[in-house]
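Just so you know, ligand 1 is whichever comes first in the structure, and atom 1 is the first atom listed for that ligand. Being a predicted model, the structure only gives us computed values, none of them experimental. Along the sequence shown, the residues carry numbers beginning at 1.
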Amino acid sequence: MSAKMLTGEEVAKHNNKESCYVIVHGEAYDVTEFLPDHPGGQGIILKYAGKDATDAYDPIHPPGTLEENLPKEKCLGKVDMSTVKQEKKEESEEDKQIAKNKEAIPPLDQCLNLYDFEVVARQVLKGTAWAYYSSGSDDEVTMRENNNAFGRIWFRPRILRDVSTVDYSTSLLGWKSSLPIYITATALGKLGHPEGEKNLTVAAGRENIIQMIPTLASCSFDEIVDARTHEQQTQFYQVYINSNRAVTEKTLKRAEQRGVRALFVTVDAPQLGRREKDMRIKFDDVGSREQVENKDNVDRSQGAARAISSFIDPSLNWDDLHWLRSITRLPIVLKGVQTWEDTVRAAEMGLSGVVLSNHGGRQLDFARSGIEVLAEVVPELKKRGLYSSNFQLFVDGGIRRASDALKAIAMGATAVGIGRPFLYAYSAYGADGVQHAIKILKAEMEMDMRLIGAPTLKDLVPEMVDTRALNMHTSVPSTNAATVYERIGTAADPSGSK
Ligand SMILES: Cc1cc2c(cc1C)[n+](S(=O)(=O)[O-])c1c(=O)[nH]c(=O)nc-1n2C[C@H](O)[C@H](O)[C@H](O)COP(=O)(O)O
């Protein structure tokens, strides 16, 4: 028997903590008891108590979230939407400015390198999204160092080699890739674009590179897997081990069932870093799918990072890897390793590899760049007979050119991960933007390999790079002080100069 239709007036009476109804897609839900469990905190729901919350709900919650998280009897049935008073949505100054900026963005083919996407994305992203995507921790010294470090490595190109054909294809953990570059895990994809992480899936499928699906995605895991452009499309999964191990176990079983090919366990974030740009903009959007699906109540007062990371288990240690290996057959790679000692330990444990990474400078400030750690790791592995294709080395952080990737390959990495540039590319141009970014990298790669004298990736050897200056650091003074004035000064300034 279909539930009787509710009217807007009836729903509007339940507009407080004691009795809270919301309308989503024309259905009313009693969320009163759910309020304290809501991952995004109570405030964001109470804002829509007694009203139609569809527009606020959709960009962040994967489909089916309410049905999965509420007991059946709390789904109250259809509402006669003709009786619901629709709030006139005041367009904010920021939204008006963004709409204007969006009309003026350059055509996609005028983006000639990955930096171009960042410039465009800055104009079309909301402040919360820009702050979250672009921020690094503390003074952002490591975030800048990640890219600066590549500037201290120089090529030693060889001449008179037949480079009429160039092949930059490779395989990561045995899975084919058209480039030694993969799309690394970055959270909250829908902050930048309504299609979120699916933009990355589509572009990766079209260009045959590998995408690492993040635990903290805004899209549901199944949405991202279903967005594959072809059956053989390879995806890896980045996992934050949940303090509630059963949650992780359930997630990994699902990942394996859906054909994920490898697990990248993030080990550099027992707590997410203090990203002050992000903290300045109080995060009042709702968190990631992980919170929504696993009812993780969070402190929302300090930006997105704090708001979405309360479930991560800070007690995770080497012994837990035995448990992890007991619950999955997938290859395990540690993501966020920052010394040769931990790399050797991972190799001796028989893991499948490590990502030498500092989380894009979003965790411990003054951690060294992944490329600098790579220079330290390879000789130590070789000394112990542990340097082999059964234990693969990946690097991420600050990679913006194919030449950065080629430096890492010459120094002994299998492939490199890129994060922010692909976020910026889809925030501005959707999946086409990401595909264009990948094509740019392919064109750069072909040219660079010709000019270095390396027709295939195997021909890239350590003698082709001069890394003597690599561990000479210069730390540029903090830019955060400027940010606080920029933030206060421009808070009401719609000029988009965020
Ligand atoms: C830019 C970005 C990076 C994040 C990221 C979110 C953003 C917006 N998040 S975070 O919410 O925890 O910070 C993740 C994440 O979910 N898991 C993870 O392993 N790495 C995360 N990373 C780090 C990422 O996987 C790479 O290590 C980093 O992005 C590489 O540096 P570039 O951005 O300079 O390429």
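- Note on residues 397-408: pairs passing salt bridge (charged side-chain N to carboxylate O under 4.0 Å, His left out), not counting sequence neighbours, are R401-E444.
- When non-hydrogen atoms are compared, ligand 1 lies under 4.0 Å from the side chain of R275 (C-beta onward) but not from its backbone.
- In summary, the atoms of ligand 1 found under 4.0 Å from a heavy atom of T266, numbered by their order in the structure, are 18 (C), 19 (O).
- No donor-acceptor distance shorter than 3.5 angstrom exists from the side chain of R325 to the backbone of P331, with no hydrogens or angles considered.
- Note on ligand 1: D396 sits in its first shell, one or more heavy atoms being nearer than 4.0 Å.
- Assignment of Y240 to the shell around ligand 1 is supported, since a heavy atom sits closer than 4.0 Å.
- Using a 4.0 Å cut-off between heavy atoms, M143 makes no contact with ligand 1 at all.
- Y424 is linked by a ring pair (Phe, Tyr, Trp, His ring centres under 6.0 Å) to W130, counting only residues two or more places apart in sequence or in another chain.
- Atom 8 (C) of ligand 1 has its nearest heavy-atom neighbour, among R420, H359, R362, in R362.
- Heavy atoms of G398 come nearer than 4.0 angstrom to ligand 1 in at least one pair.
- Among A187, S369, A217, S134, the residue whose heavy atom lies closest to atom 9 (N) of ligand 1 is A187.
- Contacts between S357 and ligand 1, counted as non-hydrogen atom pairs separated by less than 4.0 Å, involve the side chain only.
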